[in-house]
Each structure stands twice: as C-alpha cells, then as structure tokens.
Amino acid sequence: MLADKKTGSRGSLTWIGGTRPEMMKPSFLLLLAVAIALGSCARGQAEGLKKGFYKNSCPQAEETVRSIIWNHVSSNSELPAKLLRLFFHDCFVRGCDASILIESTSDNVAEKDAGPNLSLAGFDVIEEVKTALETACPGTVSCADIVALAARDSVSFQFNKLLWKVKTGRRDGTISRRSEALSDLPSPASNFSVLAGQFANKGLHVKDLVVLSGAHTIGVGHCNLFSQRLYNFTGQNAENDTDPSLDPTYAALLKTKCRSLADNTTTVEMDPGSSTDFDNHYYANLQEKKGLFVSDAALLTDQRSAKLVGKLLHPGDFFDDFKNSITRMGAIGVLTGTDGEIRNKCSVVNS
Ligand code: HEM
Ligand SMILES: *[C@@H]1O[C@H](CO)[C@@H](O)[C@H](O)[C@H]1NC(C)=O
Ligand SMILES: *[C@@H]1O[C@H](CO)[C@@H](O)[C@H](O)[C@H]1NC(C)=O
Ligand SMILES: *[C@@H]1O[C@H](CO)[C@@H](O)[C@H](O)[C@H]1NC(C)=O
Ligand SMILES: *[C@@H]1O[C@H](CO)[C@@H](O)[C@H](O)[C@H]1NC(C)=O
Ligand SMILES: *[C@@H]1O[C@H](CO)[C@@H](O)[C@H](O)[C@H]1NC(C)=O
C-alpha cells in the first residue's frame, strides 16, 4: 500500500494472465491474493472520501471554512493563488494529507522548507480555520480537508458561489520530508515529457496537466524561475540570449521587470492584468507565446496537449474540466478511515 501511495498507481497487475505452471503454486496464489487486497485497498482510499463527511460529526465545518476564507479573501485578493498552490503542493507530495503544513524539527527538514517553496503562504489562515473548528468540534476535522476546502472556497469568492464540490474524509499524515518535495514537485524548467511523467506518477493524465496548469491564471512568479529564458537561454552568456518560444515584445517587457538572472525577489503576474481573476485567459496567453515558465510553454510542444490548449480557450470547457481535474488531484494518496490522524494543530503532528 505504501508503494501504491507513493506512485499513485493501483499496483501493476497487468502481467497477470500468463499461464506458466509456477504461477499456480500456493505461494504464488498467496501473493496474488495479497496483491488484489492491496489493489482494492488503494481503490478504497479514494472511495473513502465522501460528500458531507462531517454532516453529523461537525455540521458547521464547511460553512466555518467558507466564512473565514471569504472574510480573508475580501481584503486580500492574492490569497486564492496562495491557497490553490498550497493544495497542489500538498497533494503532490505524499498525497493530500496536509504534510505541507508540518514545520521542520531539529531532526527533520519538512516539505515546506524545500526550494520550490517560494511564495508558499496562507499557513496562518489554515491554522485560524483549524483553531475555530477545534473549538467547535474538537479532534474531528482534518487539516487535509481544510486545505482542500480552502483552495476551493478562496478561488470561488469572486463568483459568490462554490465552483466545485469537495469530497471530505481525508486524514492527516505524520511525515513531511524536503527530499520528497524536491523529487515530486514539477520544476518550472521542465519539458513536456518530464511534466507528463510526474503527473502520471500521481495517477493524473495529460489532460489534467493541461487543465490544472490553468491555475496559473492567478498569482505571481519570481524572476529567477524564468529569467534564463530572458538572458541565458542557450547557456552561452550571449547578450539578450532569449528563448525564441517567448513573444519578443513580452520578453522585452519582462526584461524591464527582471533586471538580472540573479533577481530572486521581484515577482511578475503570471496572467498580466488579470492575475487575481480566475478565468481561462492562461490559454490565450500560451497561444500568444506569453506563458511565463518553460513548463507553461511546454504545453504547446506536444500535439495532444497543444490541442487541449486550443479547446480550453472556451471558458465553459475550462470550468467544467477544472472541476474534474482538481477533484482527481484532491484524491491523490489520501488517508481515510483509521489511517493517519486528525492533527490537533496543523503545523505539528500529534505527540
Ligand atoms: C505543471 C506543473 C507546474 C509547475 C512546474 C508549476 C510551477 C510554479 C512556479 C514555479 C510558480 C511560481 C512560484 C513563485 O515564484 O513564487 C507557480 C505558481 C503558482 N502555481 Fe504552479 N506549477 C505547476 C502546476 C500548478 C498546479 C497544478 C496548480 C494548482 C492547481 C498550480 C498553482 C499555482 C498558483 C496558484 C501559483 C501562484 C502562487 C502565488 O501567486 O503565490 N500550479 N507554479
Ligand atoms: C522556505 O524554505 C526556507 C529554507 O528552509 C525557509 O527559511 C522559509 O521560511 C520557507 N518558506 C516558507 C513560506 O515556509
Ligand atoms: C526532457 O528533459 C529531460 C530531463 O532534463 C531529458 O532527459 C529529455 O531528453 C528531455 N526531453 C525532450 C523531448 O527534450
Ligand atoms: C548560463 O547558463 C549556463 C548553462 O546552463 C550556465 O553554465 C551558466 O552558469 C549560466 N550563466 C549564469 C550567469 O547564470
Ligand atoms: C538587449 O536588450 C535590451 C533591453 O531589451 C536592449 O536595450 C539592448 O539594446 C539589447 N542589446 C542587444 C545587443 O540586442
Ligand atoms: C536570493 O539570492 C541571494 C543572493 O544570491 C541569496 O542569499 C538568497 O538566499 C536568495 N533567496 C532566496 C529566497 O532564494
């Protein structure tokens, strides 16, 4: 089951069906039974989530999350980007188990202290929700569910309605490691095949990759994560060594903001002019060669993915597909039933 959780796959049973005689030995049959049990256990996890998991145990849970989150977003329009990205980083490392919220200790460096943590934020808001829910229903609502609900609710604020359904019943993990964040989180410098492979490792398809990348319609990126596209694309240190897959006018504009390769403090909007509006404008940017990261531009380098980009230019398609893909992301490696724990405080595991 651990192996299943790590790869996000359901175990590789595909080789069964061979008819070699040794396959009928009792030891093989025992292995087979164990493999099937593990397979159904992995399925059971995602199915363990359900609509309104807290309906009886903490009826006000979802409304409490929504009201605290909307209260914060009403005065901080950058918060949805933070909370949406937090959910992504949580789910991609060890599954959606709130391991992203755990603080490092003297003998462990946690996920949140890994390099890709630039502009991770919103931890305090999650903890505020948790504190309110611990008062209302002690020991009941997981931090992992709060992260999933907070991402949905924050993005939904501008629409004054909830954009997708969130199944609940996730439990909290007890382990958080920087090394896993470094290996499992996609890099902004990755090409298409690497990105598709990392999503596949989590049980997500190319379509999920293209649709979820649309989250880059909100929020900002730090200069140093893309400025090699402006100044050092071929690595020859030539002057204005710019990525030809970037629109030249846009590249010139970015150079006025990001003055050097080393600038790791300046941020730019990923969807210029509407970086707090959750819409499908990301795909229009991509087609105009204005995707910010190599990983964004990469979505045009594969035929299937480029075709999906074209389709997602229709707002209705984007919103429908986003619902599906974020629901799939929110089920990655979840702990349910009696696995994991309900943390008392989101930043530390229970002692
Ligand atoms: C496809 C692979 C992805 C890569 C390589 C990637 C990479 C990045 C990078 C490098 C940043 C900028 C961080 C910074 O400079 O502070 C960023 C920002 C962001 N990402 Fe992604 N990301 C990916 C997928 C996703 C997904 C699946 C989601 C959510 C569903 C997401 C949501 C966001 C959001 C909302 C921001 C803005 C954060 C802010 O404004 O603080 N990303 N991403
Ligand atoms: C990111 O990691 C660095 C290095 O460990 C740490 O100092 C910083 O506080 C982390 N940022 C966040 C938002 O957790
Ligand atoms: C993508 O990047 C990986 C890792 O850097 C590399 O091995 C691979 O050859 C690249 N694929 C393409 C199609 O460029
Ligand atoms: C430019 O890129 C090359 C190749 O990736 C690298 O060796 C070099 O250090 C980079 N230059 C700077 C100034 O970062
Ligand atoms: C490099 O780009 C800057 C800013 O876009 C421009 O002022 C300068 O003339 C360019 N240099 C060359 C050699 O093209
Ligand atoms: C930014 O760069 C400076 C100088 O290279 C370095 O000391 C600092 O740790 C970097 N900050 C981040 C957040 O990477």
Side-chain angles (χ1 to χ4, degrees), residues 1-2 4-10 42-43 45-50 53 65 80-102 110-112 114 116-117 119-123 126 141-155 163-187 190 195-216 218-219 295 321-336 339-340 343 346:
M1 194 154 91
L2 270 180
D4 271 326
K5 184 166 148 38
K6 206 157 177 355
T7 59
S9 80
R10 286 180 185 166
R43 263 189 299 284
Q45 288 180 337
E47 282 163 12
L49 298 180
K50 60 182 192 187
F53 181 83
V65 180
K82 309 297 177 198
L83 293 176
L84 186 55
R85 183 163 183 249
L86 196 65
F87 185 36
F88 166 51
H89 281 217
D90 185 30
C91 293
F92 261 63
V93 189
R94 279 193 171 264
C96 316
D97 67 345
S99 51
I100 185 69
L101 305 179
I102 297 173
E111 287 168 29
K112 67 181 294 215
N117 78 355
S119 70
L120 273 188
F123 296 95
I126 300 289
V141 183
S142 69
C143 298
D145 277 340
I146 295 173
V147 169
L149 292 164
R152 187 265 314 265
D153 295 355
S154 61
V155 168
L163 284 188
W164 62 87
K165 297 197 172 75
V166 174
K167 288 188 180 173
T168 43
R170 293 171 191 77
R171 290 170 60 88
D172 300 323
T174 55
I175 297 170
S176 177
R177 294 197 209 292
R178 171 168 62 181
S179 56
E180 292 178 348
L182 292 174
S183 63
D184 289 11
L185 288 170
S187 148
S190 291
L195 293 171
Q198 282 182 307
F199 273 63
N201 282 341
K202 302 296 163 188
L204 300 183
H205 309 307
V206 166
K207 181 164 183 184
D208 299 312
L209 165 62
V210 180
V211 169
L212 290 172
S213 292
H216 289 176
I218 53 173
S295 59
D321 289 344
F322 197 84
K323 277 182 207 173
N324 288 329
S325 289
I326 196 117
T327 300
R328 292 163 53 72
M329 187 183 93
I332 297 173
V334 292
L335 302 170
T336 58
D339 289 345
R343 241 175 258 155
C346 291

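Numbering starts at 1 and runs along the sequence shown. What you see is a predicted model; the values in this text were computed from it and never measured.
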Report the C-alpha distance between F199 and V206 in whole Å, list the side-chain angles of each, state the deciding distance to 0.1 Å, and finish with yes or no for side-chain contact (heavy atoms from CB on, under 4.5 Å). CA-CA 7 Å; F199 273 63; V206 166; over 6 Å; no
Given the options K112, R94, E111, S99 meets side-chain hydrogen bond (donor to acceptor under 3.5 Å, both in side chains) only with E111
Of the non-hydrogen atoms in [X] and [Y], which two are nearest, and what is the gap between them?
| X | Y | result |
| --- | --- | --- |
| C143 | R343 | SG-CB, 4.0 Å |
| A151 | L84 | CB-CA, 4.1 Å |
| K323 | L163 | CE-O, 3.2 Å |
| L83 | A150 | CD1-O, 4.0 Å |
| I218 | P80 | CD1-C, 4.0 Å |
| A114 | A181 | CB-CB, 3.7 Å |

Legend entry - Heavy-atom donor-acceptor pair, T168 side chain to F53 backbone, under 3.5 Å: yes
Check: [Y] and [X] side chains under 4.5 Å, non-hydrogen atoms:
| X | Y | value |
| --- | --- | --- |
| L185 | V93 | yes |
| L204 | F92 | yes |
| M329 | F87 | yes |
| D90 | D97 | yes |
| I102 | D172 | no |
| L49 | R170 | yes |
| L86 | I126 | yes |
| L212 | R328 | no |

Could you tell me the separation between the [atom1] atom of [X] and the [atom2] atom of [Y], rounded to the nearest 0.5 Å?
| X | Y | atom1 | atom2 | value |
| --- | --- | --- | --- | --- |
| R85 | L120 | CZ | CG | 5.0 Å |
| L149 | S142 | CG | OG | 8.5 Å |
| S295 | H216 | OG | NE2 | 6.5 Å |
| K202 | D208 | NZ | CG | 14.0 Å |

Run the side-chain contact (heavy atoms from CB on, under 4.5 Å) check on R152 and I326 step by step: do they pass? CA-CA 9 Å; R152 187 265 314 265; I326 196 117; over 6 Å; no
The ring-ring contact (aromatic ring centres under 6.0 Å, His included) partners of F322 (sequence neighbours excluded) come to W164, F278, F318
